[in-house]
2 protein chains.
Amino acid sequence: MAGTDSSQPLSLAPSPAIILVEPQLGENIGAAARAMANFGLADMRLVRPRDGWPNEKAVAAASRADHVLERVKVFGSLEAAIADLTLVYATTARSRDMQKEVLGPEEASANMASHIAAQKSVGLLFGRERWGLLNDEVALADAIVTLPVEPAFASLNIAQAVLLMSYEWRRTREEGRALPFTDGLDEAAPREQLVGLFEHLEGVLDHTGFFTTPDKRPSMVNNLRTALTRGRFTAQEIRTLRGVISSIDRRHERPNPNRQKPADGADGKD
Amino acid sequence: MAGTDSSQPLSLAPSPAIILVEPQLGENIGAAARAMANFGLADMRLVRPRDGWPNEKAVAAASRADHVLERVKVFGSLEAAIADLTLVYATTARSRDMQKEVLGPEEASANMASHIAAQKSVGLLFGRERWGLLNDEVALADAIVTLPVEPAFASLNIAQAVLLMSYEWRRTREEGRALPFTDGLDEAAPREQLVGLFEHLEGVLDHTGFFTTPDKRPSMVNNLRTALTRGRFTAQEIRTLRGVISSIDRRHERPNPNRQKPADGADGKD
């Protein structure tokens, strides 16, 4: 989905560090950086990336998340990568036989948010593509975070896991639920204009024989009004619809050479 | 994150159709299929995929989301792809100058869930990698869905957009917040055992001169007990810790040739 608005300032508010332990594919590092950028995270840390750093494939996959890539820090050990943090969560899709609390993404994000609100630093660990985090790496974390996936198909790509945690993180912040745009609907026209449309239409139909018998008219009118109310038309749309009615109506006043029969059922009878 | 449990049955409950309009890269189709599988969706529809179907790159990227790939339906037009649906949402990261409601992912998922609960079929449209959905395609939808991304970096990969909507969809379902595992912590030991640990430790310390003066003892004991309570030790952990205390303590009873001085501060004094 295109839509980046480069005129907008980047928000680099404090956010969790995303720590990739021995990532193997540059594509995944880049996709993770892009996912972080989508949701306002910027502190990416790499522990012994297999193909070294910088990595061209990562740059290509990050699709211009330069402000994240430029800030990437590389470490020789996980201990060094988390040295400055006071809250560390380990993401894993596998149950570990460990005395560690297991949190879902929302609970974990809420905890990280209150921690960061208290001016402390937090980090999220993500393991290798092939076999995730080792138990001695998970042992360094305060708790385990796992995602509510389909147990029969739980294997998440590392960049997807980073995306979902980044998304949840952003949702814990004030602006986290704000959509990038919300133009949406203009207001529905005042009922007076809607009733004007009804009466215009019904007046025309009184002359076209639409209301087969007078006793049928009230229920047919109600059905029409019910259908036309549901659209919550704007003032502009009502003007347009009245124009449509008039133009069809006028055809019958001054016959027109290239006039056509309405398509079957186009008279709306039921 | 590895962790798929193949022994688990796949849940193929009714779910929204994921409709990719003119997808360009097989890798993205496959990654989208994998994301659907992660969160229990299975109805993928492709409108004029650029490289045709089946697509080897899609299979490779789907990492065994076969039950989704096998069910893929290919259509020659968007109209045909949504013919059987009664609720259709268009995902887009760009504001459109259209009289359409704009929904966030949670609201959209809740609407889709109640629609599906009423035995009706719903679908989510996703546009081309390069330029998303065309306005005449968005016009066929009941509303627009957009994600709460960073406005300055809103560009989401199509597979990432499918992942986030699939994740939100699953969260609307009863089991949607259930984690694949929750082993977590064993229960903390009854306080009796914790107090046993305290008294054991304090009894030992009474003989090591840890409590420098009797008047300091109560506050030092409180500090120790406070620190040791925070860990919420299990019965097993308490047995282990008492073993640790005894083994250190015994060193002093029967001196041991390769005994070492405790490291600085290891005596816990402050």
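Numbered from 1 within each chain, the chains take letters A, B, ... in sequence-line order. These values consider heavy atoms only, across backbone and side chains, with no hydrogens, waters or symmetry-generated copies.
Shown here are the salt bridge (charged side-chain N to carboxylate O under 4.0 Å, His left out) partners of B/Arg48, two or more places apart in sequence or in another chain: B/Glu22. Listed by chain and number, the residues in a side-chain hydrogen bond (donor to acceptor under 3.5 Å, both in side chains) with A/Thr229 amount to none (sequence neighbours excluded).
Nearest heavy atoms, B/Arg170 versus A/Pro151: NH2-CD, 3.9 Å. When all heavy atoms of A/Gly40 and B/Glu150 are compared, the closest pair comes out as CA-OE1, 3.5 Å.
In this structure, the portion of A/Leu103 lying under 4.5 Å from any heavy atom of chain B is its backbone and not its side chain. Both the backbone and the side chain of B/Ala65 have a heavy atom closer than 4.5 Å to some heavy atom of chain A. Using a 4.5 Å cut-off between heavy atoms, A/Ser166 does not touch chain B at all. For A/Glu237, the part sitting under 4.5 Å from any heavy atom of chain B is the side chain, from C-beta outward, and nothing else. Both the backbone and the side chain of B/Ala35 come within less than 4.5 Å of a heavy atom in chain A. Using a 4.5 Å cut-off between heavy atoms, B/Glu107 does not touch chain A at all.
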request  = Run the numbers on A/Arg171 and B/Glu106 for side chain to side chain contact (heavy atoms under 4.5 Å, CB included), then give the verdict.
outcome  = CA-CA 11 Å; A/Arg171 285 156 38 103; B/Glu106 283 170 291; 3.2 Å; yes
ask   = Please walk me through it: do A/Gln160 and B/Arg34 pass side chain to side chain contact (heavy atoms under 4.5 Å, CB included)?
value = CA-CA 10 Å; A/Gln160 291 173 317; B/Arg34 178 182 183 174; 4.0 Å; yes
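Interatomic distance, A/Phe181 CZ to B/Arg94 CZ, rounded to the nearest 0.5 Å: 9.0 Å. The distance from the CG atom of B/Leu41 to the CZ atom of A/Phe153 is 12.5 Å, given to the nearest 0.5 Å. Going from atom CG of B/Leu179 over to atom OG1 of A/Thr146 covers 6.0 Å, rounded to the nearest 0.5 Å.
Heavy-atom neighbours of chain B within the stretch residues 24-33 of chain A, taken at a separation under 4.5 angstrom, comprise A/Ala31.
Environment of CZ in B/Arg232: sparse, with no more than 12 heavy atoms of neighbouring residues, nucleotides or ligands closer than 6.0 Å.
Judged as a ring-ring contact (aromatic ring centres under 6.0 Å, His included), the pairs with a partner in residues 27-47 of chain B (not counting sequence neighbours) are, in order, B/Phe39-B/Tyr167.
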